[in-house]
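Structure, as structure tokens:
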Amino acid sequence: MMTEQDAAKVLSDAELVPCAEMALMDARRLVDACLGADVPALVHREACAKVGCTPKFQVLVRPEDGPRVAALLQQRWLDSIQAEGLGSEGHVMQPLPAQDAEGEPPCPACGTAAPLVAGACADCGLQLE
């Protein structure tokens, strides 16, 4: 399991992108889950310029770790659905594949894993680039 210090070393010179924005406790839980899956991640406070804005925190990762974090979030969601007994009777929900046979990650909106068309999902049209 990766520690916070290990993640800080790996990420010190890396390009970082936000993969989620949430309350501090949720961000810390996500970072802990990432570290448990050997995905370096850290919590960063995102400043809000609006008066009375609730503090928000970003979970930062390397761009290449985005699909792994998406798969981790999806698995956590599926686990919570099953823990609550909300899955269909006799139906086991399966996570979407992290990539298709050609290495394309699934669309976060519709789950289609296919090459982008002009930077957008080939199925639902969500602009991804």
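What you see is a predicted model, and the numbers here were worked out from it, not measured in a lab. Keep in mind that the numbers below use all heavy atoms, side chains included, and drop hydrogens, waters and symmetry copies.
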For the residue pair [X] and [Y], establish whether any side-chain heavy-atom pair is separated by less than 4.5 Å.
| X | Y | answer |
| --- | --- | --- |
| Glu15 | Pro63 | yes |
| Gln58 | Met22 | no |
| Leu42 | Val59 | no |
| Val69 | Val39 | yes |
| Leu16 | Leu11 | yes |
| Val10 | Arg62 | yes |

Is a salt bridge present between Asp6 and Lys9, judged by a nitrogen-to-oxygen distance below 4.0 Å? no
Carboxylate-amine/guanidinium contact Arg68 Asp65, below 4.0 Å: yes
[X] versus [Y], closest heavy-atom pair with distance:
| X | Y | answer |
| --- | --- | --- |
| Phe57 | Ala23 | CD1-C, 4.2 Å |
| Ala20 | Leu30 | CB-CD2, 3.9 Å |
| Ala118 | Gln127 | O-NE2, 3.4 Å |
| Pro115 | Ala122 | O-CB, 3.7 Å |

For Glu21, look at atom CD and say whether over 12 heavy atoms of other residues, nucleotides or ligands are found less than 6.0 Å away. yes
To the nearest 0.5 Å, tell me how far Cys34 SG sits from Arg29 CZ. 14.0 Å
